[in-house]
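Just so it is clear: chains get the letters A, B, ... in the order the sequence lines come, proteins before strands, and each one is counted from 1.
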Amino acid sequence: MFRRHQHLYGTPVEALGHLAINNRKNAALNPNAVMQAPITMDDYLNSRFIAEPLRLLDYCLINDGGVCVIVTSAERARDLKKPPVYIHSMGMAGDFDHQYTVDDCFFDCLQMVSKDLFAGSEIGLGDIDVAEIYDNFTPTLLFTLEGLGFVRRGESGPWVTPERIALGGELPLNTSGGHTSESYMQGWGLIAEAVRQVRGECGERQVADARNALYACAAPISSALLLRR
Amino acid sequence: MPRVNTLNAPYWEAAKRHELRIQRCTACGQWRFPPASRCPHCLSPDYEWAPVSGRGKVWSWIVMWQRYFPAFESRIPYNVAYVELDEGPRLMSNIVECDETELRCDLPVEVAFEDVSDEITLPVFRPTRT
């Protein structure tokens with residue numbers, strides 16, 4: 001699908017490099033991250049191809065691990081030890097016609113998910129302080145950013161500049177290091193990170209005053225969660 | 001090697017005769033691939049294995065550098081492409097008789113057949129020569 005995206009929109013491979021490097025930079029601030037050694041664009045471009053055009057550094061890790069998320073009513077959560085994080089909204093949509101060769105890179109699905117997330121809500125895309133997005137492979141981040149509406153369709157490649165997606169940027173992305181650098185927990189690690197960001201527990205990688213955190217995943221079943229204080 | 005079963009056997013039998021056949025729903029006329037026992041469009045269980053033009057275009061492709069399958073080790077790096085047939089469905093296959101630098105999305109291709117064993121012939125695709 002990334003090759004197709006390149007064909008349609010001229011997406012540069014360096015966009016994937018920026019995403020991989022950003023993940024690693026954040027992971028260096030996360031004691032739980034499996035991969036913490038910093039990488040440069042040269043490292044990225046010199047990393048070996050696995051299934052070209054994707055390189056080793058575009059791939060999620062393979063690791064053991066565990067994540068626990070406790071979901072309960074707001075009422076019960078009130079007097080628990082940690083401050084509650086609220087599920088503001090959630091969305092889910094499926095597209096099984098072409099599995100992982102879907103022409104629109106899950107765009108229509110994610111548009112439906114986005115509608116579910118923000119319909120009738122006082123919180124909009126611009127209010128998201130931090131985004132934790134499923135990155136089985138780095139291109140999935142591009143597809144998700146487009147589908148949810150952070151950037152116009154086809155324009156995610158030039159949009160993901162290091163400044164914009166870094167801690168302190170317009171949209172801090174995958175602050176834990178994501179699946180390519182923290183660990184591959186099939187999204188659960190990202191959800192835990194979103195919760196921790198909203199609780200203000202992220203130490204050096206904390207996004208200042210993070211109130212609204214997004215978790216999202218582009219796939220044949222696309223889904224997203226909007227978490228808030 | 002592909003695993004031949006009751007559902008997909010007609011596909012492989014046709015390939016062995018150097019014919020490309022895929023399923024077409026006899027209720028609504030939709031083509032489909034990969035093989036399925038019901039039509040994903042109208043859910044009818046009735047279908048035929050009908051011959052297709054064998055022409056299509058490269059939807060997208062990758063070049064495999066990783067040794068995932070020992071049987072293909074000697075071919076590394078090899079391409080794996082999704083070919084969109086003129087009839088609509090997409091097949092996963094290889095593009096042959098084509099330099100890797102000439103591969104591109106939407107490249108017109110036509111089917112060719114690679115006899116890989118006495119039982120199995122693989123439909124592959126090459127750039128259309130017309």
Side-chain angles (χ1 to χ4, degrees), chain A residues 1-13 15-16 20 43-62 94-109 136-140 142-143 146 153-154 156-157 180 184 218-221, chain B residues 22-23 25 28 30-43 56-70 72-73 75-95 98-109 125 127:
Chain A
M1 280 199 293
F2 178 65
R3 179 95 74 183
R4 194 77 200 163
H5 198 275
Q6 283 184 298
H7 171 69
L8 295 174
Y9 308 115
T11 314
V13 290
L16 304 185
D43 294 333
Y44 171 78
L45 293 172
N46 290 323
S47 71
R48 66 190 170 92
F49 283 125
I50 304 294
E52 185 184 346
L54 297 193
R55 297 170 162 87
L56 180 69
L57 294 174
D58 291 309
Y59 278 62
C60 59
L61 305 171
I62 299 289
D95 179 347
F96 289 94
D97 277 1
H98 293 101
Q99 296 286 343
Y100 286 94
T101 56
V102 60
D103 280 299
D104 71 352
C105 301
F106 306 118
F107 187 84
D108 284 352
C109 257
N136 42 359
F137 309 97
T138 51
T140 314
L142 301 181
F143 307 155
E146 288 181 17
R153 194 170 184 180
S156 57
T180 70
Y184 189 39
I221 298 177
Chain B
I22 65 173
Q23 285 172 299
C25 175
C28 76
Q30 282 278 353
W31 296 94
R32 67 176 185 259
F33 191 86
S37 56
R38 277 181 187 273
C39 175
H41 300 274
C42 75
L43 301 180
K57 58 185 182 178
V58 173
W59 183 77
S60 192
W61 84 100
I62 58 108
V63 177
M64 181 54 81
W65 290 84
Q66 180 79 3
R67 182 184 173 274
Y68 278 128
F69 303 104
F72 293 134
E73 189 171 6
R75 295 189 178 197
I76 291 173
Y78 56 91
N79 70 65
V80 179
Y82 257 107
V83 171
E84 188 172 288
L85 296 175
D86 286 352
E87 289 79 4
R90 291 184 191 150
L91 273 68
M92 196 185 287
S93 185
N94 305 114
I95 308 300
C98 179
D99 192 271
E100 300 288 359
T101 58
E102 283 159 36
L103 262 173
R104 59 179 171 83
C105 291
D106 297 338
L107 179 75
V109 291
F125 289 82

**Q** Taking CZ in B:R104 as the centre, count heavy atoms belonging to other residues, nucleotides or ligands within less than 6.0 Å. Is the count above 12?
**A** yes
**Q** Taking side chain as C-beta onward, heavy atoms only, is A:M1 less than 4.5 Å from B:W59?
**A** yes
**Q** Crowded around B:F69 CZ? As in, over 12 foreign heavy atoms under 6.0 Å?
**A** no
**Q** Check each atom of B:D106 against the heavy atoms of chain A and say whether the ones under 4.5 Å are side chain, backbone, both or neither.
**A** both
**Q** Tell me, for B:R90 versus chain A, whether the close heavy atoms (under 4.5 Å) come from the side chain, the backbone, both or neither.
**A** side chain
**Q** Is it true that atom CD1 of A:I221 has more than 12 heavy atoms of other residues, nucleotides or ligands lying nearer than 6.0 Å?
**A** no
**Q** Quick one: pull up SG in B:C105 and CZ in A:R3 and give me the separation to the nearest 0.5 Å.
**A** 7.0 Å
**Q** Within the supplied structure, the quantity of interest is the number of heavy atoms (other residues, nucleotides, ligands) at a distance under 6.0 Å from B:W31 CH2; does it exceed 12?
**A** yes
